[in-house]
Amino acid sequence: MKIPAMAKSLVAGVAAGATAAVTAVQDQVLTTGETVTIVLAVLGAWGITYAVPNRPAQDDLMTTTYRGPSGT
């Protein structure tokens, strides 16, 4: 696994967890249900980030899909 893929996953998990945590502590109390929500948000973000591949670079896209006028 490459470092950029791990960094992307880490950022996604932190962003999802932070968003859920900020919403959860609006009343200045963190309940068990809110903690579960935060954990599930982080795990869900990691899972989606792992499951969805990166888009190929523009150079790779052009060389693999364009065959030219003759098709070769």
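In this text the structure is predicted, and so the values were computed from the model without any measurement. This chain uses plain numbering: 1 for the first residue, then up along the sequence.
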Minimum heavy-atom distance [X]-[Y], with the two atoms named:
{"X": "Thr49", "Y": "Lys8", "result": "CG2-CE, 3.5 Å"}
{"X": "Ala21", "Y": "Ile38", "result": "CA-CD1, 3.6 Å"}
{"X": "Glu34", "Y": "Val29", "result": "OE1-O, 2.9 Å"}
{"X": "Ala45", "Y": "Ala16", "result": "CB-CB, 3.7 Å"}

Side-chain heavy atoms under 4.5 angstrom apart, residues restricted to Ile, Leu, Val, Met, Phe, Trp, Tyr: same cluster for Val39 and Leu30?
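Per the 4.5 Å side-chain linkage, Val39 and Leu30 are not co-clustered.
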